[in-house]
> 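Here you go, one structure.
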Amino acid sequence: MLMNLINIQYSTAKNVAIDIKINPNIPRFVYGDQKRLNQVLINLVSNSLKFTEEGSVTILVNLIDNKEGELNLNFEVQDTGIGIPEDKLDTIFDPFVRVRDTQKKFYPGIGLGLSIVKTIISLMKGDISVTSELDKGSNFSFNVFLKESDEKQLPKAKVKDTP
């Protein structure tokens, strides 16, 4: 199931709601690289939480296309955070790029997360984009390809014998 691929668990002391909305047209069972997808979503959601003091972070998943069981899915991570200055949008996915708050608040990190996200999405034959407005939030949108499956076709977890 797609929810099994999206394995995000967060707790936050901030007043931030986290919502996941999956379009009902997406087949119930899908198969893909869970580790890569989780890494992308964890990085994007973590950034959204870091830069959002109150409001919400929403993950949306929509079906773009289904060609013979190959699903083109669009994921969006939206937040109501501080936003990204327009002059930084072209470089936000470059390594070591960090955006500072207009109030000079320090946010930890070295600026590799979004560069890694872009690389992972490229490896999954997808692409990523961002739109943002200062003091209103950001929207990261990416497409990836997953396979439609049924419960019988899902790979079984391998259990290693312990010595």
Side-chain angles (χ1 to χ4, degrees), residues 1-86 88-90 92-93 99 101 107 109 112-155 157:
M1 289 181 11
L2 185 58
M3 282 303 293
N4 289 342
L5 280 175
I6 304 171
N7 184 21
I8 298 177
Q9 297 176 2
Y10 287 99
S11 68
T12 177
K14 296 180 178 184
N15 188 25
V16 178
I18 300 174
D19 195 16
I20 299 175
K21 298 176 182 178
I22 299 175
N23 186 302
N25 293 328
I26 295 173
R28 183 165 182 217
F29 295 101
V30 297
Y31 176 72
D33 191 328
Q34 180 179 1
K35 288 181 182 180
R36 284 183 179 171
L37 182 58
N38 275 327
Q39 186 65 50
V40 167
L41 289 170
I42 287 169
N43 275 322
L44 292 176
V45 172
S46 293
N47 274 357
S48 288
L49 288 171
K50 180 176 13 176
F51 295 105
T52 303
E53 292 300 320
E54 60 182 36
S56 62
V57 173
T58 303
I59 301 169
L60 303 169
V61 187
N62 284 298
L63 177 64
I64 302 302
D65 198 13
N66 183 350
K67 289 185 181 173
E68 299 178 14
E70 184 170 45
L71 308 171
N72 181 357
L73 298 182
N74 176 260
F75 289 76
E76 291 185 52
V77 177
Q78 303 171 343
D79 67 58
T80 58
I82 64 171
I84 302 166
E86 190 174 338
K88 299 290 185 191
L89 290 175
D90 288 341
I92 197 72
F93 296 107
V99 176
D101 185 0
Y107 293 96
L112 284 176
L114 292 177
S115 174
I116 291 168
V117 161
K118 184 172 181 163
T119 300
I120 292 171
I121 291 170
S122 294
L123 291 170
M124 295 177 76
K125 300 178 185 169
D127 57 12
I128 187 168
S129 63
V130 61
T131 58
S132 187
E133 191 172 340
L134 281 178
D135 300 322
K136 293 197 176 178
S138 299
N139 181 4
F140 288 85
S141 176
F142 67 93
N143 287 38
V144 293
F145 293 87
L146 302 174
K147 300 276 187 206
E148 184 174 0
S149 186
D150 64 33
E151 197 170 14
K152 292 179 238 169
Q153 292 175 318
L154 293 176

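Heads up: numbering here begins at 1 and tracks the sequence.
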> So, using side-chain contact (heavy atoms from CB on, under 4.5 Å) as the criterion, who are the partners of S56 when residues are at least two apart?
A17, T58, T80
> Which atoms form the tightest heavy-atom contact between N66 and P27, and what is the distance?
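Scanning both residues completely, I find the closest heavy atoms to be ND2-CG, 4.3 Å.
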> Could you tell me which residues satisfy side-chain contact (heavy atoms from CB on, under 4.5 Å) with K147, sequence neighbours excluded, listed by chain and number?
Y31, E70
> Does the side chain of I120 come within less than 4.5 Å of D33's, by heavy atoms?
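No, too far: nothing below the 4.5 Å cut-off.
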> Nearest 0.5 angstrom please: T119 OG1 to Q39 CD, how far?
11.5 Å
> With S48, which residues qualify under side-chain contact (heavy atoms from CB on, under 4.5 Å), at least two apart?
V57, V77, D79
> Would you mind reporting whether I22 and I20 have side-chain heavy atoms less than 4.5 Å apart?
yes
> For residues V117 and I128, determine if any side-chain heavy atom of one lies less than 4.5 Å from a side-chain heavy atom of the other.
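Counting from C-beta outward, V117 and I128 do come under 4.5 Å.
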> Might you work through the side-chain contact (heavy atoms from CB on, under 4.5 Å) test for I84 and I92, ending with a clear yes or no?
CA-CA 9 Å; I84 302 166; I92 197 72; 4.2 Å; yes
> Under 4.5 Å between any side-chain heavy atoms of V61 and N74, yes or no?
no
> I need the N47 CG to S138 OG distance, nearest 0.5 Å.
9.5 Å
> Got a sec, which residues hit salt bridge (Lys or Arg N to Asp or Glu O under 4.0 Å) with K35, two or more places apart in sequence or on another chain?
none
> Could you list the residues that satisfy side-chain hydrogen bond (donor to acceptor under 3.5 Å, both in side chains) with D65, not counting sequence neighbours?
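D65 satisfies side-chain hydrogen bond (donor to acceptor under 3.5 Å, both in side chains) with no other residue.
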> Calculate, to the nearest 0.5 Å, the distance between atoms CD1 and CG belonging to I121 and L37 respectively.
9.0 Å
> Go through the structure and list residues passing ring pair (Phe, Tyr, Trp, His ring centres under 6.0 Å) with F142, not counting sequence neighbours.
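For F142, the residues satisfying ring pair (Phe, Tyr, Trp, His ring centres under 6.0 Å) (neighbours in sequence not counted) are F75.
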> So, do E148 and V30 sit near enough that their side-chain heavy atoms are less than 4.5 Å apart?
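Answer no - side chains too far apart.
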> Would you check if F93 and V130 make a side-chain contact, meaning some heavy-atom pair closer than 4.5 Å?
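In short, these two side chains touch, coming nearer than 4.5 Å.
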> For the residue pair S132 and G83, what are the closest heavy atoms and their distance?
OG-CA, 3.3 Å
> Applying side-chain contact (heavy atoms from CB on, under 4.5 Å), name anything that partners D127, two or more places apart in sequence or on another chain.
N143
> How many angstroms lie between atom CG of L41 and atom CD of Q34, to the nearest 0.5 angstrom?
11.0 Å
> Only counting residues at least two apart or in another chain, list the ones meeting side-chain hydrogen bond (donor to acceptor under 3.5 Å, both in side chains) with E76.
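side-chain hydrogen bond (donor to acceptor under 3.5 Å, both in side chains) check on E76 returns Q78, N139.
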> Below 4.5 Å, heavy atoms only, C-beta onward: do V45 and I59 meet side chain to side chain?
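V45 reaches I59 side chain to side chain.
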> Mind checking the CG-CD1 spacing from L134 to I82? Nearest 0.5 Å is all I need.
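One gets 8.0 Å once the value is rounded to the nearest 0.5 Å.
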> Of all heavy-atom pairs between T52 and V16, which one has the smallest distance, and what is that distance?
O-CG2, 3.5 Å
> Please round to the nearest 0.5 Å and tell me the distance separating atom NZ of K118 and atom CZ of F140.
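If I round to the nearest 0.5 Å, the distance is 12.0 Å.
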> Between I26 and L73, is any pair of side-chain heavy atoms under 4.5 Å apart?
yes
> Could you pull out all residues at least two apart from D19 that satisfy salt bridge (Lys or Arg N to Asp or Glu O under 4.0 Å)?
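Once residues adjacent in sequence are excluded, the partners of D19 under the salt bridge (Lys or Arg N to Asp or Glu O under 4.0 Å) criterion are K21.
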